[in-house]
**Student:** 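What follows is a single structure, and I will ask about it in a moment.
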2 protein chains.
Amino acid sequence: MFHVGSRSTVDLEEEITPEEVKSILLRFVFQSLDYDNSENQLFLEEERRMSHMGFRCLEIRRWVICGLIGFLTGLIACLIDIAVEELAGYKYSAVKQNIEKFTEFGGLSISLILWAALNSAFVMVGAIAVAFFEPIAAGSGIPQIKCYLNGVKIPCVVRLKTLAIKVFGVICSVAGGLAVGKEGPMIHSGAVVAAGVSQGRSTSLKKDFKIFEYFRRDTEKRDFVSAGAAAGVSAAFGAPVGGVLFSLEEGASFWNQMLTWRIFFASMISTFTLNFFLSIYHGKPGELSSPGLINFGRFDSDKEKNFDYIPFESFLFFPYYFPGGMLGALFNVINYWLTIFRIRYIHRPCLQVMEAMLVAAVTATVAFAMIYFSNDCQPLGQDSTEEYPLQVFIYLLGSMPNRNVICYIAHLQLFCADGEYNSMATAFFNTPERSVRSLFHNPPGSYNPLTLGVFTLVYFVLAVWTYGLTVSAGVFIPSLLIGAAWGRLFGILLSTITSSQSIWADPGKYALIGAAAQLGGIVRMTLSLTVIMVEATGNVTYGFPIMLVLMTAKIVGDYFIEGLYDIHIKLQSVPFLHWDAPPTSHWLTAREVMSSPVTCFNRVERVGRIVDVLSNTSTNHNGFPVVPGKICGLILRSQLIVLLKHKVFVERASSRLSQRRLQLKDFRDAYPRFPPIQSIHVSQDERECMMDLNEFMNPTPYTVPQETSLPRVFKLFRALGLRHLVVVDDENRVVGLVTRKDLARYHLGKDGLEELQLAQT
Amino acid sequence: MFHVGSRSTVDLEEEITPEEVKSILLRFVFQSLDYDNSENQLFLEEERRMSHMGFRCLEIRRWVICGLIGFLTGLIACLIDIAVEELAGYKYSAVKQNIEKFTEFGGLSISLILWAALNSAFVMVGAIAVAFFEPIAAGSGIPQIKCYLNGVKIPCVVRLKTLAIKVFGVICSVAGGLAVGKEGPMIHSGAVVAAGVSQGRSTSLKKDFKIFEYFRRDTEKRDFVSAGAAAGVSAAFGAPVGGVLFSLEEGASFWNQMLTWRIFFASMISTFTLNFFLSIYHGKPGELSSPGLINFGRFDSDKEKNFDYIPFESFLFFPYYFPGGMLGALFNVINYWLTIFRIRYIHRPCLQVMEAMLVAAVTATVAFAMIYFSNDCQPLGQDSTEEYPLQVFIYLLGSMPNRNVICYIAHLQLFCADGEYNSMATAFFNTPERSVRSLFHNPPGSYNPLTLGVFTLVYFVLAVWTYGLTVSAGVFIPSLLIGAAWGRLFGILLSTITSSQSIWADPGKYALIGAAAQLGGIVRMTLSLTVIMVEATGNVTYGFPIMLVLMTAKIVGDYFIEGLYDIHIKLQSVPFLHWDAPPTSHWLTAREVMSSPVTCFNRVERVGRIVDVLSNTSTNHNGFPVVPGKICGLILRSQLIVLLKHKVFVERASSRLSQRRLQLKDFRDAYPRFPPIQSIHVSQDERECMMDLNEFMNPTPYTVPQETSLPRVFKLFRALGLRHLVVVDDENRVVGLVTRKDLARYHLGKDGLEELQLAQT
């Protein structure tokens, strides 16, 4: 009836054997989130009891929580920033002392070794924390948060422990000099903060503050996690609107106006908090000059005072928009192969730690070698306004004649003559954030083309190798840096060719465009990334060229391979639902898509059967239609487990008069870590008891007829954030159940519709 | 079971008698839009025939259309701007000549009369066009577009004729000196452009270009209209991101990532087009300095070079945030009463034209009197960099001694001494856009407090009287102007009290905050307005105080009365669906909400019965479940009418072999103006024929059981953009039908849940 291809865009199945897929699947057992409220009797009673005033109080509490999320996320960003600054400062001063000590022996190689060792040590500590204590904290965390907002719960992803490891790990990897950024992990951190604060308790700490109990369900929690992710973006880039748009792009089908407004509030508070505390740290309280962990510096339309100058010439760059997509795709393809290699051969934690250390050492060595062999000495202008507070004191001595040993702080002199500086060192011996700013703003002529070309190549290789290591780290900044380097290179070449005197002869503008192109080519975000870039630039007039470049990068890149985050989501076989069903899927109907037969329960069911069904690990269903013939409700595994735990049996109804009646609170207390069925003891007598599900099941689950087309089922499922959709026949009898996995496996490949292998949901 | 109040927040029912409501309802018969595709056999066949490549071509066509929408919207904005400039220039030069002529006679009163007459003439022409030819073109059009995006089709709202009248009308009203802006109508204009371009034809012009036929259905059209509205916002304020957010806020439940991206593209093209053509008009092609019809001028953080300076002091303004909400609410209350008065007494077109002329004359007279009695002469500084190209040559002579007659172009001297200018005149004798910019940017001391106070009061009264006149005009600019005036007043008072030397001692900053507060208090938009204001300001750092002020304005304002647009939507009894069902509506179930009994058809139905049902004006249903007992489909009135028109009867099936089979194209050709049933002739013989609906009905309509709670029904309805939701019993038999009207009538008032009277859907 339709073509089920075995070939994905990049031949996923050929690369990973079924056994390997199984081994991945065993590591990650994904749960779906329940965004659809179970409107059972208990819930309706509670809602009906609540007054208008009660709802208003809830609303106020939501605002308070969003404010707290923003505040704490900002604090965490601040902590990371300060810790990185301090640690890196300590590292460089240690290297300096060492070099001074070894000066007599011509200690270039020794100082290289020390530097590499220090970097490896930092990275080792971070990698050990991640690999042994919380593997989910590896990487940027953005794929995981995308999945969460999409409705897939990856185990442990929003736990306090994950947050702690993440923050610690990112400090170590950035201080360790890897080609990584500290921005991506902020999004994950914000999400964890939100999940914690909104629930008013921490299961990691076993502490329940007994507040915000109303919000202990997936629907509410997800809204707050959106706010947290937005606050994270906002703190990372100083981009509150971009943060809101990021959350909307990733989890938009459920939003509404007030929610968006709250998310925006959290974002604003977050950037403000970061800004405020950093201003205190920098000793200028109140001078709020750092809205994000990175900002791109001031781009003036320096041609004239006219501030609304949208560069008309932006159209002329059209040919330059393509490399972004292609280089981004290349990055993704190489990283994809590397990730498969890692899945296959580097799955033991100690191997992972060793690889991370190796990368750290290689990064240091390569940088050292690059600077050593570079002859790109640029004269030091009077207009070098960039500050370099991380004073890189690299003294290189004796063995090299013609080379000066005087430390130069503002620009790195290194092997250059007096009054000159080494432009390769400017790009390498710096935090990546500062390198990006230098590429954007240093005056024309600060870099020679060869330096930029070599730097692009080397940093590209390092960055692609680094992403996917078992360390906490983001890919935004390395991408920006690569793009800024080749963008600036293009700018220089173009101005050489055309001898143009236009405003765009400034290579810094090309660097910005290149950075946007490269980042867009790798992550393939659209509107949100445009706004993030514009907010980080601080100048609205760059919106148009940035939009064009991101659009082209996405179109070109998508032709070759998916975005980096999507690749990693796919490699973990997450049942991720995209925006729409594949356009050519009208062939399929609910009948072909659904899982059947379905395990159903009766309204009043024997306890023994319930226990048996729940204990059956081979099926592991999470939702069960309730039927005496026709569908009359849907009950969830989590609900049944709470019922079993409290032994709500019909036979005990008489004694239940003395006992208190089960309330929604009991379900909330068990949320979100419902105990496994194995932990609940049911005696042989109790197995013969009956359980009345009427009060607890959702009496009005969404249903569709069997003939419904896949796109229609998909739309209903996605728009309402369902977990289970019951398929019924004409007589309203249950014939099947559609879950996320049933929908996510259809995928549009090059040869038409394809089925993917997915992890257990 | 629940309280059905008869009191709305502002006692709507007490003010308008039932007869009056009926007379409004007769004027506006609203249709709902079908955002839910009717997935009948024809549709499925077409989709299944289409290849992957076919879908890609459709996608490209969508992009082309969005580009066209942006381009044309930008052109229209450009046309309006140039026409207003030229007309106003002509008007002022005519007044000048007249005054010169009458100089000897002490012709102050004569020149006043001439001025008032000229204004009235302009307004009369505009009002006649609107009142007699297209009443829907009155006002800003934003409420109508909100309704359209919400799913309610107001007749004629997206026709070419409406666009022509709208553009002509707005030029007349702005040139006529009314207290109005030309920004609001741009949103409506953009929407009309989008509806026209995307359909590839104009029913007004009876011209079908035979392109874009695939997009001839509500689902697709609505997406393009979102893009058009966004392009309009973008052209009006130079705010492409704000435009996208506006569209999302108003019609967001249906969006997806690619759609958002296309909307953004249209917005960007729109602002770029406007900018480009205005630069040619201004004689500086390529210098793109006018991204929108209004921009707020450059707000520098002039204290230091540091561009990311978020004003910490913004918190200190907290007490100043309240007046925005309160003054906004006052504006809305007065305008509400006025609108009711107009509905009751001024419903004949000629009366409407006369009222508009009266307002124009009064506006001119009041402005004249204000300037005459004003003694606020300010010394002319050296730093008056604002240009006033509308050279207002008002010579006032002889009768007043001490007063000078020399025309001063840069600032209006009027009755002031040499080297001084009249600050009241700066505020009044100017296009409102320029007045706003003056209030934002003129140096401290340019206005004295009394002038500002009186100006605020007078302009408030004029603006509130003007909105709702039968002219095309927006309320954004007057709101900004009022707010800027009292904001600046507050700023002056505060700096007098505190003698503060902080950056915020600049009253221009207070003017900006005041403008935001006033506008927010009136229209109550949230995120989109924040972004629009930030983009118009061109400075990201003002985001935080603007957000705070808009948030406060909304909270304070909502306490008193709804937003201006919502009031007008409510007064027209539009069945507008808000984001969620009222929180206290869990009491209600589908059974209580639905309309019943429902008119159903059989799978094969007699033509006579269909004609009779469709002709029954008292029910006027639009969707009919198809049932032999159980629900097996849903067919729409529009589909039935096409079937009747083509006489698709079972008895003609044999002859249909020669005849061609009915295709989706036939339905698309009839879209959107399906002929009324009365125009279709069905003979007595034909009445006895049978019609087979199987092929044309939607076989899988969404259904809910009777016990479903109202919030759950609401969520399904809103998330999927439904028009009809079938309510079924346990046996899948139809028991009722929920339409938009059934849901929209529940409203949360002060005393709990209320039912509203709504227009026919």
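Proteins come first, then strands; the chains are lettered A, B, ... in the order of their sequence lines, and each starts at number 1.
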**Student:** Who among B:Phe43, B:Trp261, B:Tyr702 has the most heavy-atom pairs with chain A under 4.5 Å?
**Tutor:**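 Highest number of pairs under 4.5 Å: B:Trp261.
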**Student:** Verify, without hydrogens or angle tests, whether B:Asn732 (side chain) and A:Asp730 (backbone) share a donor-acceptor contact under 3.5 angstrom.
**Tutor:**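 Indeed, once roles are kept as given, a pair shorter than 3.5 Å links the two residues.
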**Student:** Given a strict heavy-atom distance threshold of 4.5 Å, which part of A:Ser585 is in contact with chain B: side chain, backbone, both, or neither?
**Tutor:**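 Contact with chain B is absent: no heavy atom of A:Ser585 under 4.5 Å.
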**Student:** Report yes if the side chains of A:Val534 and B:Glu535 come closer than 4.5 Å at any heavy-atom pair, otherwise no.
**Tutor:**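 Counting from C-beta outward, A:Val534 and B:Glu535 never come under 4.5 Å.
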**Student:** Does a side-chain heavy-atom distance below 4.5 Å link B:Glu249 with A:Thr260?
**Tutor:**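 Counting from C-beta outward, B:Glu249 and A:Thr260 never come under 4.5 Å.
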**Student:** What part of A:Phe55 gets within 4.5 angstrom of chain B, counting heavy atoms only: side chain, backbone, both, or neither?
**Tutor:**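 Just its side chain gets close to chain B.
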**Student:** Taking the side chain as everything from C-beta on, heavy atoms only, tell me whether A:Thr703 gets closer than 4.5 Å to B:Val704.
**Tutor:**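 No. Closest side-chain heavy atoms not under 4.5 Å.
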**Student:** Measure A:Asp580 against the heavy atoms of chain B and call it side chain, backbone, both or neither at under 4.5 Å.
**Tutor:**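 Answer is side chain: those atoms of A:Asp580 sit under 4.5 Å from chain B.
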**Student:** Looking at A:Glu731, A:Arg733, A:Glu707, A:Lys554, which one has more heavy-atom pairs under 4.5 Å with chain B than the rest?
**Tutor:**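 Between A:Glu731, A:Arg733, A:Glu707, A:Lys554, the count favours A:Glu731.
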**Student:** Examine the side chains of A:Ser709 and B:Glu39 and answer whether a donor and an acceptor come within less than 3.5 Å of each other.
**Tutor:**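 Yes - a donor-acceptor pair under 3.5 Å links their side chains.
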**Student:** So what's closer than 4.5 Å to chain B heavy atoms on A:Ile263: side chain, backbone, both or neither?
**Tutor:**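 For A:Ile263, neither part sits under 4.5 Å from chain B.
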**Student:** Just give me the residue among B:Met50, B:Lys630, B:Met551 that pairs up with chain A most often, heavy atom to heavy atom, under 4.5 Å.
**Tutor:**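 The option with the most such pairs is B:Met551.
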**Student:** Would you find a donor on one side and an acceptor on the other, under 3.5 Å apart, between the side chain of B:Arg48 and the backbone of A:Thr584?
**Tutor:**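 No: the side chain of B:Arg48 does not pair with the backbone of A:Thr584.
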**Student:** Minimum heavy-atom separation for B:Arg712 to A:Thr700, with atom names?
**Tutor:**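 Answer, listing the atom of B:Arg712 first, then A:Thr700: NE-O, 2.9 Å.
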**Student:** Could you measure the distance from the CD1 atom of A:Ile546 to the CE atom of B:Met268? Nearest 0.5 Å is fine.
**Tutor:**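 Going from CD1 on A:Ile546 over to CE on B:Met268, the span is 8.5 Å.
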**Student:** Heavy-atom pairs under 4.5 Å with chain B are the metric here; pick the option from A:Asp36, A:Val728, A:Val241 that has the most.
**Tutor:**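 Option with the greatest count: A:Asp36.
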**Student:** Any side-chain heavy atom of A:Trp579 within less than 4.5 Å of one from B:Met258?
**Tutor:**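 A:Trp579 vs B:Met258: side chains apart.
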**Student:** Does any heavy atom of chain B fall under 4.5 Å from the side chain of A:Pro701, the backbone, both, or neither of them?
**Tutor:**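 It is the backbone, since no side chain atom gets that close.
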**Student:** For B:Leu527 and A:Val244, work out which heavy atoms get closest and say how close.
**Tutor:**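 So the two residues come closest at CD2-CG1, 3.8 Å.
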**Student:** Measuring only between side-chain heavy atoms, which start at C-beta, is B:Leu716 closer than 4.5 Å to A:Leu716?
**Tutor:**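 Result yes, sub-4.5 Å side-chain heavy-atom pair found.
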**Student:** Side chain, backbone, both or neither: which part of B:Asn37 has a non-hydrogen atom closer than 4.5 Å to chain A?
**Tutor:**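 Backbone of B:Asn37 only, per the 4.5 Å heavy-atom cut-off to chain A.
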**Student:** Does any backbone or side-chain atom of A:Leu550 lie under 4.5 Å from a heavy atom of chain B? Answer side chain, backbone, both or neither.
**Tutor:**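 Contact with chain B involves both backbone and side-chain atoms of A:Leu550.
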